[in-house]
Amino acid sequence: MKDQDKRMLIARRVARELRDGYYVNLGIGLPTLVSNLVPPGIEVVLQSENGMLGVGPYPYEGEEDADLINAGKETVSEIPGCCYFNSADSFAMIRGGHIDMAVMGAMEVDERGNIANWMVPGKLIKGMGGAMDLVAGARCLYVAMEHTTHDGGPKILKQCRLPLTGLAAVNFIVTEMGFMRLTPQGILLEEIAPGLSFEQVQAATEATLLRSPHLREMPA
Amino acid sequence: MKDQDKRMLIARRVARELRDGYYVNLGIGLPTLVSNLVPPGIEVVLQSENGMLGVGPYPYEGEEDADLINAGKETVSEIPGCCYFNSADSFAMIRGGHIDMAVMGAMEVDERGNIANWMVPGKLIKGMGGAMDLVAGARCLYVAMEHTTHDGGPKILKQCRLPLTGLAAVNFIVTEMGFMRLTPQGILLEEIAPGLSFEQVQAATEATLLRSPHLREMPA
Amino acid sequence: MNKLVRGADDAVADIANGAVLMIGGFGLSGNPENLLQALHKKGVTNLTVISNNAGIESEGIGVLLAAGQIRKMISTYVGENKIFEQRTREGTLETELVPQGTFAERIRAGGAGIPAFFTPAGVGTPIAQGKETRDFDGRPYLLEHWLRADFALIKAYRADRWGNLTYRKTARNFNPIMATAARVTIAEAEEVVEPGGLDPECIVTPGIYVQRLIQGAAYRKPIERRTIRKREPGQ
Amino acid sequence: MNKLVRGADDAVADIANGAVLMIGGFGLSGNPENLLQALHKKGVTNLTVISNNAGIESEGIGVLLAAGQIRKMISTYVGENKIFEQRTREGTLETELVPQGTFAERIRAGGAGIPAFFTPAGVGTPIAQGKETRDFDGRPYLLEHWLRADFALIKAYRADRWGNLTYRKTARNFNPIMATAARVTIAEAEEVVEPGGLDPECIVTPGIYVQRLIQGAAYRKPIERRTIRKREPGQ
């Protein structure tokens with residue numbers, strides 16, 4: 001599968017989790033794709049941690065506004081019902097547990113729901129931005145990422161090796177291979193991509209996967 | 001001197017402390033009188049801790065608005081340049097040291113600048129409202145009160161006997177007898193009401209007063 | 001997404017005996033009149049009410065107090081209410097009095113996911129008893145904890161269908177912070193418009209904090225202290 | 001009371017070498033362009049800058065960085081700036097990286113007189129090293145301290161002569177909280193009106209937080225990532 005196909009598969013699966021009235025924070029990169037895939041008939045409000053609820057799509061050419069950007073510093077637009085607030089109010093919203101769903105990428109996730117996605121020792125540290133607050137505060141955290149690294153190494157581990165972004169924070173992992181739920185017993189594989197066996201997914205995963213008794217095919 | 005004359009004398013003296021550009025919180029009762037005595041040619045902005053900067057005078061009859069009250073629950077008006085904010089923002093402003101000057105009454109003040117003005121043991125406790133926050137947060141706290149109790153007992157004490165509102169909080173005491181500054185050494189009498197001797201003021205005061213080398217007559 | 005429910009009775013239907021409520025308002029200004037009335041009519045009891053004041057005998061929270069619906073008040077000043085005094089003397093009402101700034105900040109902290117913070121207010125006073133005191137830069141501060149509630153009852157001025165709210169003048173007071181600190185926030189507004197009908201720069205409470213909304217009606221807006229000045233000739 | 005000063009050079013005249021500055025903006029959005037330029041021109045050095053990002057090479061705070069005026073940055077993300085990387089490798093720039101919510105809350109706390117508070121962000125991460133951890137309701141939190149500055153440089157949209165400020169869209173970001181947390185707050189605005197010219201319900205920064213004000217000019221408002229969608233026929 002091409003990278004772009006993997007990414008779209010993951011984004012589409014995440015989008016199926018959206019419910020009418022959800023307030024959602026989408027991370028930079030893959031998670032941003034979800035914004036274009038909101039199922040018809042429901043209203044979802046996107047939060048951007050730089051101080052906006054009701055983020056709309058990229059502006060039409062010529063309508064870009066330097067005063068209207070998302071947390072990835074991309075120009076965006078407004079939807080009716082949007083509003084603005086300062087950065088302390090924005091993170092009060094996040095930390096206070098008011099965001100129904102946050103979606104972000106990760107370098108590593110482990111069996112306890114720990115997540116690492118902000119620094120690699122030895123490389124220049126660019127900073128964690130709002131990731132630690134989102135990880136600690138979102139009511140439900142989805143990790144949306146490719147199942148393995150570019151050279152095929154596992155990203156879903158027994159225990160994270162990189163410095164953490166947050167402890168026991170992840171609720172769901174969505175990859176091109178499957179849909180996983182974090183449980184007190186470990187990582188439960190609930191859905192599996194068409195054409196894959198449980199053993200194939202396990203082979204690409206360092207963590208021991210639990211097989212859901214209701215394991216089903218991941219919808220496209 | 002009649003009570004009302006004493007109160008006006010005190011309020012007029014406090015009003016002389018106002019400077020152009022001051023942000024001031026006036027307590028309920030006597031301190032409220034100061035709002036009508038702002039010296040000509042200066043602009044002072046009154047804060048009301050229920051969420052307003054730029055409190056104006058009482059409204060004209062027929063213009064009262066239940067949505068526009070001060071912290072004493074009295075109907076007030078707006079001045080141009082006023083603004084509104086919520087109660088947490090209001091006390092952030094107070095606690096953060098942004099109010100140049102707060103004026104409040106007191107039951108007792110002592111040599112260390114301790115103040116008691118919210119409860120009398122044995123009587124029903126009504127609550128401290130915003131007094132403890134104002135006392136702790138105002139950049140400069142003026143106590144404006146009659147020098148003695150109604151039966152002539154001292155209110156300026158060696159040590160407060162009532163439960164405190166705040167520790168070492170008072171900067172100035174203004175009474176009908178004089179103008180006093182709290183110093184690390186004690187209470188310094190800087191101005192004395194016309195016709196009174198230092199000894200007469202001391203006799204009405206339990207605390208030991210320090211006599212300013214520049215002691216002068218209190219301007220009316 | 002439509003947070004608008006039919007009326008106040010529907011909005012408070014699941015508030016059960018023993019619930020912890022935040023109720024907006026400063027004195028009688030900015031009270032959720034319609035929701036308070038519905039709560040009174042419903043007859044729910046044993047309530048813990050977090051509100052700056054206790055109303056007066058015949059108005060605001062005072063009505064719930066008079067009907068014996070409140071077990072405990074967390075407030076900053078309760079001086080205007082004789083029934084409050086009476087219930088306290090009887091021992092049928094528990095009261096926790098909190099400095100107003102600490103009260104506001106504890107509510108804000110509840111909404112903002114801050115379980116505790118240090119404040120200078122109350123150091124050296126009876127309020128400090130039993131609380132951790134710690135020095136920062138040589139000055140003592142008290143540790144205070146967040147306040148949260150099962151329900152917040154909020155009075156707004158205008159709202160949109162998504163629960164975005166604006167307020168009017170000093171009727172704003174505790175309403176916006178209480179909206180953030182409850183499991184379920186129920187707002188009433190004098191006017192409800194479609195999303196987009198409020199200026200995005202002027203929305204005070206983002207809709208994320210509001211779970212239910214009603215269109216309020218028949219506002220009485222009592223005034224506690226009607227203070228006026230005389231019109232000079234020519235004004 | 002008139003907080004309007006002649007221009008940016010006058011406004012920053014007393015910012016001395018070694019000062020601690022808060023500078024508003026998220027990336028290049030909502031930067032105080034005029035004040036930054038004056039600061040650069042003045043050549044003041046050894047600055048500690050508290051700002052969410054470090055600008056890019058040729059824009060925003062990046063210009064001060066390139067000129068070697070900054071000794072230390074307290075930020076949340078500094079990825080867009082090559083000069084930042086270079087200075088860090090040289091050892092001529094110290095950096096303190098803070099989770100963005102903690103960063104914002106520490107600034108708010110600085111303005112609000114809260115010396116320290118507990119937050120869940122960063123527990124179990126390198127950020128927690130050396131910090132007090134405490135459980136509340138069975139969950140661990142870190143103790144974090146307030147941030148305050150000598151000067152805050154703020155970009156507003158509209159202002160009145162008393163320093164009341166409004167902002168525009170997401171250019172609001174850190175500006176309002178930084179305005180509260182400095183000894184001297186200097187604001188620049190695209191438009192300055194008389195008191196009464198701004199809607200009292202929509203003022204975001206009350207004038208009490210602003211000591212000096214300038215009328216900004218020649219805003220460039222660079223865009224870091226110009227993302228657009230194609231117009232469909234008929235749109």
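What's counted below: heavy atoms across the whole structure, side chains too, no hydrogens, waters or symmetry copies. None of these values were measured; they are calculated from a predicted model. Chain naming here is simple, since letters A, B, ... match the order of the sequence lines and numbering starts at 1 in each.
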Next on the checklist: Other residues, nucleotides and ligands only: do more than 12 of their heavy atoms fall within 6.0 Å of NZ on B:K158?
Outcome noted: yes
Next on the checklist: If we define contacts as heavy-atom pairs under 4.5 Å, which of C:A104, C:P222, C:S75 has the most with chain B?
Outcome noted: C:A104
Checklist outcome for this item: Rounded to the nearest 0.5 angstrom, the CG-CD1 distance for B:L68 and C:I223 is 9.5 Å
Item to check | chain B contact via C:V204 - side chain, backbone, both or neither, heavy atoms under 4.5 Å | outcome: neither
Checklist outcome for this item: Scanning both residues in full, the closest heavy-atom pair of B:A136 with C:R139 reads O-NH2, 2.7 Å
Checklist entry - If you round to the nearest 0.5 Å, how far is OG1 of C:T125 from CG of B:L162? => result 13.0 Å
Checklist entry - Do other residues, nucleotides or ligands put more than 12 heavy atoms under 6.0 Å from the CD atom of C:Q37? => result no
Next on the checklist: Taking 4.5 Å as the heavy-atom cut-off, does anything in residues 107-128 of chain B contact chain C, and if so which residues?
Outcome noted: B:W118, B:M119, B:L124, B:I125, B:K126, B:G127, B:M128
Checklist entry - Between atom CZ of C:R226 and atom CD1 of B:I69, what is the distance when rounded to the nearest 0.5 Å? => result 12.5 Å
Checklist outcome for this item: Those residues of residues 84-100 of chain B that come under 4.5 Å of chain C on a heavy-atom basis, listed by number, are B:Y84, B:F85, B:N86, B:S87, B:A88, B:F91, B:R95
Next on the checklist: Using heavy-atom distances under 4.5 Å, tell me whether B:A71 contacts chain C through its side chain, its backbone, both, or neither.
Outcome noted: both
Item to check | Top contributor to chain C contacts, counting heavy-atom pairs under 4.5 Å, from B:T165, B:L164, B:V76, B:L134 | outcome: B:L164
Checklist entry - chain B: which of C:R106, C:R108, C:E105 shares the most heavy-atom pairs with it under 4.5 Å? => result C:E105
Checklist entry - Is there a donor-acceptor pair under 3.5 Å between the side chain of C:R229 and the backbone N or O of B:Y58? => result yes
Checklist entry - Which one of B:G51, B:G130, B:C82, B:P163 has the most heavy-atom pairs closer than 4.5 Å to chain C? => result B:G130
Checklist entry - Given the options B:T75, B:D65, B:L167, B:N70, which has more heavy-atom pairs under 4.5 Å with chain C than any of the others? => result B:T75
Next on the checklist: Between C:N52 and chain B, with a heavy-atom cut-off of 4.5 Å, which part of the residue counts as in contact: side chain, backbone, both or neither?
Outcome noted: neither
Item to check | Structural part of B:S77 lying under 4.5 Å from a heavy atom of chain C | outcome: side chain
Next on the checklist: Using a 3.5 Å distance criterion without hydrogens, assess whether the side chain of B:D133 forms a donor-acceptor pair with backbone atoms of C:T102.
Outcome noted: yes
Next on the checklist: Give the interface residues of residues 21-30 of chain C toward chain B, defined by a heavy-atom separation under 4.5 Å.
Outcome noted: C:F26, C:G27, C:S29
Item to check | Salt bridge present between C:R231 and B:E63 (N-O < 4.0 angstrom) | outcome: yes
Item to check | Residue selection (most heavy-atom pairs with chain B, distance under 4.5 Å) from C:T95, C:I127, C:N175 | outcome: C:I127
Item to check | Interatomic distance, B:E61 atom CD to C:I228 atom CD1 [nearest 0.5 angstrom] | outcome: 3.5 Å
Next on the checklist: Which residue in the set C:K169, C:K221, C:K155 passes salt bridge (charged side-chain N to carboxylate O under 4.0 Å, His left out) when paired with B:D67?
Outcome noted: C:K221
Checklist entry - When only pairs under 4.5 Å are counted, which of C:G124, C:G101, C:A171 shares the most heavy-atom pairs with chain B? => result C:G101
Checklist entry - Residue by residue, which of residues 16-29 of chain B have a heavy atom closer than 4.5 Å to a heavy atom belonging to chain C? => result none
Checklist outcome for this item: Turns out that what part of C:R168 lies under 4.5 Å from chain B's heavy atoms comes down to both
Next on the checklist: Rounded to the nearest 0.5 Å, what separates atom CE in B:M132 from atom OG1 in C:T76?
Outcome noted: 11.0 Å
Next on the checklist: Does any backbone or side-chain atom of C:P140 lie under 4.5 Å from a heavy atom of chain B? Answer side chain, backbone, both or neither.
Outcome noted: neither
Next on the checklist: Heavy-atom cut-off 4.5 Å, strictly under: side chain, backbone, both or neither for C:R172 against chain B?
Outcome noted: side chain
Checklist entry - Checking heavy atoms, do the side chain of C:P176, its backbone, both or neither come under 4.5 Å from chain B? => result side chain
